[in-house]
Colleague: 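Please find one structure pasted underneath; my questions will follow.
Keep in mind that this is a model prediction, so the values were computed, not measured. Below, chains carry the letters A, B, ... as their sequence lines are ordered, and counting in each starts from 1. Values reported hereafter were calculated over all heavy atoms of this structure, with side chains retained and with hydrogens, waters and symmetry mates removed.
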Amino acid sequence: MHTTAYQKLTSGFYDRPDVLTIARELLGKIIVTSFDGELTTARIVETEAYAGVTDRASHSYGGRRTARTEIMYREAGTAYVYLCYGIHQLFNIVTNKIDIPHAILIRGAEPITGVPVMLRRTRKKIADFTLTRGPGNVSKALGITLAHTGESLLREDFYVASDGFVPVPEDIIATPRIGVDYAGDDALLPYRFIVRNNKYVSGNTVQNKVR
DNA sequence: GGGCGGATTACCT
DNA sequence: GGTAATCCGCCCA
């Protein structure tokens, strides 16, 4: 498997005003990491949009700027990685203009290349659907850590690409986001995008409800 | 300087 | 369905 047919997404893909459109279009795209010469790739099947200062579920709600959230205000195509529950490192992609803190959480992906490397990183023995299902597992399998927060996705060893595949519209479902009950009414917004019937999508209960 | 809780996961009953 | 694991970020003092 070579990456020569992959077209790296450019600044223009990320630098657009509608974070929901970008989150939807990221379905089917491929995350590529080649840290320490170890190539791992996986096709995105689940995303969540976080719509900046007006979104109560977002870390940047109300324009909050801290050492951690500062990354969200950077240029489109920057990686925002943060620690959740003291254990899991969650990978987001910053979108829109500088100072507009939109971000998209990558919640699920389907392994393509480098499964043995992913198995070692996750300390799993078998490559079942849990390998890259759920945001914590996606980062772990692809080797994405807190050290990558603030880094550009336009670089050579960490980016998102297209191989021309696009899910048909009927296979894309929008649902409420997972684990954001604290956000009041905003927890009900359909800002989560999933590929229908894909086993690498988390939260199947919600998926079934929406069906 | 201290206390609390989370954009989760895996393993338990 | 319940909960332990595990720790940084955030807020308040």
Colleague: Look at all strands and tell whether A:R177 reaches a base, only sugar-phosphate, or nothing, counting heavy atoms closer than 4.0 Å.
Modeller: nothing
Colleague: Between the protein and nucleotides 3-6 of chain B, which nitrogen or oxygen pairs come in under 3.5 angstrom?
Modeller:
from	atom 1	to	atom 2	distance (Å)
B:dG6	N2	A:G86	N	3.4

Colleague: Please give, in whole Å, the distance from B:dT9 C1' to A:L131 CG?
Modeller: 14 Å
Colleague: Using only atom types and a distance under 3.5 Å, with no angle test, would you say the side chain of A:T78 pairs donor to acceptor with the backbone of A:V94?
Modeller: no
Colleague: Which residues in residues 92-106 of chain A have at least one heavy atom lying under 4.0 Å from any atom of DNA chain B?
Modeller: A:N92, A:L105
Colleague: Taking Watson-Crick (N1-N3 plus N6-O4 or O6-N4) and G-U wobble (N1-O2, O6-N3), each under 3.5 Å, can you produce the dot-bracket string of DNA chain B? Use [ ] for crossing pairs and | for inter-strand ones.
Modeller: ||||||.|||||.
Colleague: Using atom NZ of A:K125 as one end and atom P of B:dC11 as the other, report the distance to the nearest whole Å.
Modeller: 10 Å
Colleague: Could you tell me from which nucleotide to which nucleotide of DNA chain C, 5' to 3', there is an atom under 4.0 Å from chain A heavy atoms?
Modeller: C:dA5 to C:dC11
Colleague: Indicate yes or no for a side-chain donor-acceptor contact from A:T69 to the backbone of A:T66 under 3.5 Å, with no hydrogens or angles considered.
Modeller: yes
Colleague: Would the distance check show the side chain of A:E48 and the main-chain N or O of A:Y191 forming a donor-acceptor pair, the cut-off being under 3.5 Å?
Modeller: no
Colleague: Just by distance, do the side chain of A:R64 and the backbone of A:H59 share a donor-acceptor pair under 3.5 Å?
Modeller: yes
Colleague: Determine which pairs satisfy ring pair (Phe, Tyr, Trp, His ring centres under 6.0 Å) with at least one residue from residues 127-156 of chain A, sequence neighbours left out, and list them in order.
Modeller: A:F35-A:H148, A:H148-A:F158
Colleague: Would you find more than 12 non-hydrogen atoms of other residues, nucleotides or ligands less than 6.0 Å from A:D185 atom CG?
Modeller: no
Colleague: A:R107 side chain N/O closer than 4.0 Å to the phosphate oxygens (OP1, OP2) of B:dT8?
Modeller: yes
Colleague: Rounded to whole Å, how long is the line connecting atom CD of A:E46 with atom C1' of B:dT8?
Modeller: 12 Å
Colleague: Quick one: which residue pairs count as a salt bridge (charged side-chain N to carboxylate O under 4.0 Å, His left out) with a foot in residues 89-100 of chain A, not counting sequence neighbours?
Modeller: A:D15-A:K97, A:R65-A:D99
Colleague: Using the test side-chain contact (heavy atoms from CB on, under 4.5 Å), find all partners of A:A23 that sit at least two apart in sequence or belong to another chain.
Modeller: A:T47, A:A49, A:I104, A:F193
Colleague: Take the protein atom OH of A:Y61 and the nucleotide atom P of B:dA7, then report the distance between them rounded to whole Å.
Modeller: 15 Å
Colleague: When you measure from every atom of DNA chain B, which of residues 135-143 of chain A have a heavy atom less than 4.0 Å away?
Modeller: A:P135, A:G136, A:N137
Colleague: With sequence neighbours excluded, what pairs up with A:K8 under the salt bridge (charged side-chain N to carboxylate O under 4.0 Å, His left out) test?
Modeller: A:E156
Colleague: Under the side-chain hydrogen bond (donor to acceptor under 3.5 Å, both in side chains) rule, what pairs show up with a residue in residues 28-38 of chain A, not counting sequence neighbours?
Modeller: A:T33-A:T40, A:E38-A:R120
Colleague: Could A:E25 and A:R16 be called an ion pair, given the rule that one side-chain N must be under 4.0 Å from one carboxylate O?
Modeller: yes
Colleague: Without decimals, in angstroms, what is the distance between A:L146 CG and B:dA7 C1'?
Modeller: 14 Å
Colleague: Can you run down the salt bridge (charged side-chain N to carboxylate O under 4.0 Å, His left out) pairs that involve residues 161-179 of chain A, sequence neighbours left out, and say none if there aren't any?
Modeller: A:R43-A:D163, A:D55-A:R177
Colleague: OG1 of A:T113 to CE of A:M118: how many Å apart, nearest 0.5 Å?
Modeller: 7.0 Å
Colleague: Using side chain to side chain donor-acceptor pair (under 3.5 Å), reason through A:S202 and A:R133 one step at a time and then give a plain yes or no.
Modeller: CA-CA 6 Å; A:S202 70; A:R133 186 183 73 170; over 6 Å; no
Colleague: Test of understanding: with side-chain contact (heavy atoms from CB on, under 4.5 Å), list the residues that count as partners of A:L146, not counting sequence neighbours.
Modeller: A:V81, A:L83, A:Q89
Colleague: Could you check whether any side-chain N or O of A:N92 sits under 3.5 Å from a backbone N or O of A:Y80, counting only pairs where one atom can act as donor and the other as acceptor?
Modeller: yes
